Amino acid sequence: MAKKKKEEKVEMKTGFVCPECGCHIFLEDPVRGERVCARCGLVLEEEMVDLSQEWRAFDEEQKMRRARTGAPLTATKHDKGLTTEIGKTGEIFKVAPEKRAQYQRLAKWQKRLVESKDRNLSFALSELQRLVSYLGLPRQVHEEVARRYEKAVDKGLVRGRSMESVIASLVYAVCREMGSPRTLEEIEKASGVDKREIGRTYRYIARQLGMKILPASAEDYIPRFTSMLGLSDKVQARAIQILKKAKKCMVTSGKGPKGVAAAAVYIAAVLEGEKKTQREIAEVVGVTEVTIRNRFKELVEKLGISDEIERKIRELEERR
DNA sequence: AAGACGAAAGTGGTTGA
DNA sequence: TCAACAACTTTCGTCTT
């Protein structure tokens with residue numbers, strides 16, 4: 001019984017001072033909606049609104065089910081997840097008869113305004129949805145692409161270009177900015193848009209939207225390439241370490257980042273005793289073996305690790 | 001036979017006049 | 001608009017294991 005009392009009346013220290021007795025400790029009674037001085041019983045506030053939930057939940061699932069607030073606003077739905085419509089059937093009879101004509105005009109106009117832009121947008125966003133799930137992209141990327149696509153539409157940049165290519169190039173751009181770039185080939189495969197088209201659109205859109213167009217860095221490709229090849233974290237760390245050194249020696253400038261990344265992975269795999277063939281790496285990275293060889297040679301030369309490499313290769317052959 | 005190597009010719013894109 | 005150019009690809013022959 002005493003326990004129940006305590007649950008009902010919560011002792012609160014507030015900034016208030018009781019005008020009757022000078023005490024500053026109050027009891028809150030959520031059932032009656034009162035705030036009461038703990039010493040003299042003066043009622044300080046009546047008819048307080050209880051802002052807490054009136055329901056209880058015992059686990060996460062219940063909490064989700066009982067919460068009545070909706071999904072957060074999102075740019076990935078063409079109307080940000082909210083749909084407002086004038087003139088749903090039935091509504092019209094709540095309007096005074098003399099205003100009905102005006103009401104219907106309003107409904108018609110809203111429909112036209114919203115639909116012309118949004119029809120385009122909702123098509124584009126479902127294409128984006130497809131790409132995102134195909135490529136397994138994080139939510140952040142999804143949101144950001146959606147935001148920028150809307151910007152592009154507002155600026156009239158989509159006119160004369162297919163929205164698939166615009167979406168694809170925005171995905172390309174945002175992935176790169178977020179530090180986990182996809183190759184043009186991957187996006188080509190996922191979207192069905194020619195990679196040259198994606199590249200061209202990318203450059204155009206980037207310039208028009210004032211996005212900075214810094215070249216993709218080889219390091220950012222490493223984690224994905226190593227995991228696609230089933231290589232360990234050690235190889236990944238080693239490859240990144242190699243690239244950091246390489247950057248200082250200016251070996252990488254002007255070269256395609258994919259080729260440099262591929263060579264670094266190759267070297268790292270050899271040094272960590274998890275050697276892959278050049279062909280295997282070329283396959284997943286999307287460059288030829290020749291390019292890997294060229295970058296490989298340059299890296300080994302400039303970093304002065306040819307001895308180390310040769311020793312390791314001989315070691316690996318002996319083990320067989 | 002498989003993998004690494006490299007020479008030679010071809011391709012697509014950038015740059016500068 | 002055109003030619004020069006660098007990076008990259010394709011193709012192919014050679015060498016090693």
Side-chain angles (χ1 to χ4, degrees), chain A residues 160-162 165-166 168-170 172-173 175-176 181-189 191-222 224-226 228-231 235 238-239 242-243 246-320:
Chain A
R161 258 164 283 270
S162 74
S165 71
V166 175
S169 65
L170 282 174
Y172 178 68
C175 282
R176 192 196 263 199
R182 312 288 135 152
T183 64
L184 278 178
E185 288 83 2
E186 285 173 284
I187 294 179
E188 177 183 44
K189 212 173 120 210
S191 68
V193 181
D194 184 79
K195 71 177 183 183
R196 280 171 300 166
E197 176 75 17
I198 299 174
R200 206 162 353 112
T201 310
Y202 163 66
R203 256 169 279 131
Y204 177 77
I205 298 273
R207 199 169 312 132
Q208 296 298 315
L209 287 185
M211 296 158 42
K212 34 195 171 334
I213 14 78
L214 18 112
S217 97
E219 282 162 65
D220 291 338
Y221 282 116
I222 297 294
R224 246 161 20 78
F225 287 164
T226 49
M228 282 161 86
L229 285 160
L231 293 165
V235 176
R238 193 66 170 257
I242 289 168
L243 285 179
K247 210 174 256 177
K248 274 184 200 150
C249 307
M250 301 287 286
V251 196
T252 55
S253 71
K255 305 295 197 301
K258 280 190 303 174
V260 178
V265 169
Y266 181 67
I267 294 174
V270 169
L271 290 180
E272 293 294 334
E274 299 179 38
K275 189 181 171 198
K276 294 277 172 190
T277 64
Q278 293 177 353
R279 171 182 288 282
E280 283 173 298
I281 295 173
E283 187 89 9
V284 305
V285 173
V287 295
T288 59
E289 299 160 64
V290 182
T291 304
I292 295 182
R293 280 200 287 276
N294 291 335
R295 295 294 89 77
F296 169 71
K297 216 173 58 176
E298 287 164 12
L299 282 178
V300 168
E301 224 167 79
K302 294 273 165 81
L303 294 179
I305 51 176
S306 51
D307 295 344
E308 205 178 343
I309 293 280
E310 274 174 39
R311 191 154 36 83
K312 204 73 195 180
I313 288 180
R314 227 170 293 130
E315 203 176 290
L316 289 174
E317 275 161 6
E318 275 169 26
R319 204 170 296 168
R320 263 189 255 180

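Below, chain A is the first sequence line, B the second, and so on; all start at residue 1. This structure is a prediction, so every number in the text was calculated from the model and none was measured.
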Looking for any heavy atom pair under 4.0 Å, which part of the strands does A:T277 touch: base, sugar-phosphate only, or nothing?
sugar-phosphate
How many Å lie between CZ on A:R279 and C1' on C:dT10, as a whole number?
13 Å
Under the side chain to side chain contact (heavy atoms under 4.5 Å, CB included) criterion, do A:I309 and A:F296 qualify, and how do the steps go?
CA-CA 11 Å; A:I309 293 280; A:F296 169 71; 4.3 Å; yes
We want to know whether A:Y172 and A:R176 form a side-chain donor-acceptor pair, criterion being a heavy-atom distance below 3.5 angstrom.
yes
I'd like to know if A:E186 pairs up with A:K189 as an ion pair, taking the criterion as any Lys NZ or Arg NE/NH1/NH2 lying under 4.0 Å from an Asp or Glu carboxylate oxygen.
no
Any protein N or O atoms within reach of nucleotides 5-7 of chain B? Criterion: under 3.5 Å, listing atom names and distances.
| from | atom 1 | to | atom 2 | distance (Å) |
| --- | --- | --- | --- | --- |
| B:dC5 | OP2 | A:Q278 | NE2 | 2.6 |
| B:dG6 | N7 | A:R293 | NE | 3.3 |
| B:dG6 | N7 | A:R293 | NH2 | 3.0 |
| B:dG6 | O6 | A:R293 | NH2 | 3.1 |

Using whole Å, what does the distance between atom C1' of nucleotide C:dA7 and atom CD1 of A:I292 come to?
15 Å
All pairs passing salt bridge (Lys or Arg N to Asp or Glu O under 4.0 Å) where residues 280-294 of chain A contributes a residue, at least two apart
A:R279-A:E289
Spacing between A:E283 atom CD and B:dG3 atom P, to the nearest angstrom:
12 Å
Given B:dA4, is OP1 or OP2 found less than 4.0 Å from the side-chain N or O atoms of A:K276?
no
Just how far, in rounded Å, is C1' of B:dG3 from CG of A:L316?
14 Å
Got A:Y221 and A:T183 here, is their nearest side-chain heavy-atom distance under 4.5 Å?
yes
Identify the heavy atoms of A:V235 and A:A268 that sit nearest to each other, and give their distance.
O-CB, 3.5 Å
Given that both distances must come in under 3.5 Å, which nucleotide forms a Watson-Crick or G-U wobble pair with C:dA6?
none
Can a donor-acceptor pair be found, under 3.5 Å and without considering hydrogens, that links the side chain of A:R238 to the backbone of A:I267?
no
Under 4.0 Å between a Lys/Arg side-chain N and an Asp/Glu carboxylate O for A:K312 and A:E308?
no
Atom pair distance, as rounded to whole Å: CZ in A:R295 and P in C:dC8
5 Å
For nucleotides 10-15 of chain B, give me every protein contact, N/O to N/O, under 3.5 Å, one pair per line with atom names.
| from | atom 1 | to | atom 2 | distance (Å) |
| --- | --- | --- | --- | --- |
| B:dT14 | OP1 | A:R203 | NE | 3.4 |
| B:dT14 | OP1 | A:R203 | NH1 | 3.0 |

With salt bridge (charged side-chain N to carboxylate O under 4.0 Å, His left out) as the test, would you mind laying out the steps for A:E315 and A:R311 before giving the verdict?
CA-CA 6 Å; A:E315 203 176 290; A:R311 191 154 36 83; 5.1 Å; no
